[in-house]
Amino acid sequence: DLKSFDAEFVKVDRATLFDLILAANYLNIKGLLDLTCQTVADMIKDNTPEEIRKIFNIKNDFTPEEEAEVRKENQWAFE
Amino acid sequence: MLGQLNPDSEAMSTCKKARAESTSVVSSDRLSSLPPEIKGDILSRLNVEEAVRTSTLSSTWRDAWTNMPKIFLRDGNFARTKFVTLVDMVLSLHKGTVEKFDISGSKPYHDEFGRWMLMLSRRSPRSIIIELKSGPGYRIPSCLFSIGDLENLHLQNCIISLPRVFQGFKRLTRLRLNNFSSTDMDIQNLVSFCPALRSLRLTYFEGINHLTVQAPKLKLLYVIGDVEINLDAPNLEVALLMHHKAIAPHSDPIALHKESYVKQLLGSLSDIKSFAISGFLLRYLSKGCILTKLPALFARLENIYLAICFLDQRQFLAACSLFQNAPNLKRLDVVPMQSHSSNTWDQDQARIKEFTVQVQLDHLVTASVQGFRGLDCEVDFVAKLLSWAPALEELKIEWKGKTECSMVLAKLLALPRVSPRAKVIVTF
């Protein structure tokens, strides 16, 4: 069925996933864009910022003071 | 120096390795380098608090959430005050355009609701969904009615009272009001001031008894509640009209009035493609033991969903009238309702088997009975259905009976069918 096809379709390495997102965006294929963006969102969900950085290789370019400042600004969104 | 430019194998591989490393460091954080509208799309798929948390990932992400086009707020595990702060902060700090604002909560926020609506209306969102289920209805403030670009509005548990100066929602295509109270005039005006309306759902309401629905572009109408509708919607394709309470027995003059009302209503629905109706409404069409002539031929009607009490002869006959007037019916879904066995009810007991009604459902291909309990009247109806539909391919029966089903199944399987291809599928 379609759901399991979709689930299998996005079981690719990260680079391919981003290639798919950009291709879907450029070619204006809404269904594919929805599926791939949702996949990325699901990878962000339920993960701490540190875990998210690890999954996506995001370089933390904040100084410890800056990071603490941002965290404090948005304290209301954290547990 | 010249020596260093000589490409000997070790230097070559070191060069390659350095190149590979540098490209992997530069290109491996592809998430951050996505175009902003895609980042916004991805963040929009998270609950707001999760999106805000991405602000600590890196400097590129610090403000990314403030531009996300859709805002989803769920009070789930939040304490009431924490959720209030969350909503306040999001509505003040978000600075991009808000395409969609969707808030749902199970705790009461009546003290904050007014200021939230004010802050929200300043963002001019295109789509608003508010499902705050707890406590008395939320009075929708006038600022919400001034959001000119609104395209989709879905409100639950609220009180709708139009402001004196209401310009209308010129671009509203979908309106859904659930569990609300208002007045005939307010809802009527709301609908007529939304000329682009394509989908209207009014379910479970108070204070509305007679409604004129004037909507030239309306394609879908769902109404669940006890209201008389005067319908002017020439482009309507799908209509669902259900009562959520059993209609109390009526005296004769009221019954007569109801009969002409239902006839007029059906007349205004003659072009629709899909129709869902409760038998309690249909029964006014039947004069007890004969089929009445319906005011219209439902030439385009392909799908019928019928909530019907088979023990009520009038409902059964009225349903037959409907079938007779829907020559192109392709799909029929039936939901048997409990009979209301009060002694004061003027219920003519039916023996469906005994009726020889001439119904031809030449194009009926699929049918289903949802919530089949194995009663004789239900089996009799299935028998009739199988004799009316020469092109039937599938009849699905969803068993919900409490009694032993093998006897009933045997009866069902033994029923003659006029369509050689008909399959009877029973699900549990």
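If you're wondering where the values come from, they're calculated on a predicted model, not measured in any experiment. Throughout, a chain's letter reflects where its sequence line sits, starting with A, and its residues are numbered from 1.
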Which portion of Leu34(B) sits near chain A, non-hydrogen atoms under 4.5 angstrom: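 Side chain only.
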Portion of Ser59(B) that has a non-hydrogen atom of chain A nearer than 4.5 angstrom: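 Looking at Ser59(B), backbone and side chain both touch chain A.
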Part of [X] within contact of chain B (heavy atom distance under 4.5 Å):
X	answer
Asp46(A)	both
Gln75(A)	backbone
Asp34(A)	both
Phe78(A)	both

Evaluate the ring planes of Trp116(B) and Tyr109(B), with Trp represented by its six-membered ring, and classify them as parallel (under 30°), tilted (30 to 60°) or perpendicular (over 60°).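 Tilted: the ring planes of Trp116(B) and Tyr109(B) meet at 30° to 60°.
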Indicate the ring-plane relationship of Phe18(A) and Phe56(A), choosing parallel, tilted or perpendicular according to the 30° and 60° boundaries. perpendicular
Do NZ/NE/NH1/NH2 and the carboxylate oxygens of Lys273(B) and Glu237(B) come within less than 4.0 Å? no
Among Lys59(A), Gln38(A), Arg14(A), residue most engaged with chain B (heavy-atom pairs, under 4.5 Å):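 Heavy-atom pairs under 4.5 Å are most numerous for Gln38(A).
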Who wins among Val40(A), Thr36(A), Leu17(A) for the most heavy-atom pairs under 4.5 Å with chain B?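 So the answer, after comparing Val40(A), Thr36(A), Leu17(A), is Val40(A).
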Heavy atoms only, distances under 4.5 angstrom: which of Thr54(B), Leu57(B), Asn47(B) has the most pairs with chain A? Name it, please. Leu57(B)
May I ask you to name which of Lys82(B), Arg53(B), Glu50(B) has the most heavy-atom pairs under 4.5 Å with chain A?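 Sorted descending by pairs with chain A, the first entry is Arg53(B).
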When you compare the side chain of Leu93(B) with that of Val52(B), does any pair of heavy atoms fall below 4.5 Å? no
Validation row: Pro125(B), Ile147(B) side chains within 4.5 angstrom (heavy atoms):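 SC-SC contact between Pro125(B) and Ile147(B) confirmed.
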Count the heavy atoms of every other residue, nucleotide or ligand shown that sit under 6.0 Å from OH of Tyr26(A), and state whether that count exceeds 12. no
Between Asp13(A) (side chain only) and Thr16(A) (backbone N and O only), is there a donor and an acceptor less than 3.5 Å apart?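 A pair under 3.5 Å: yes.
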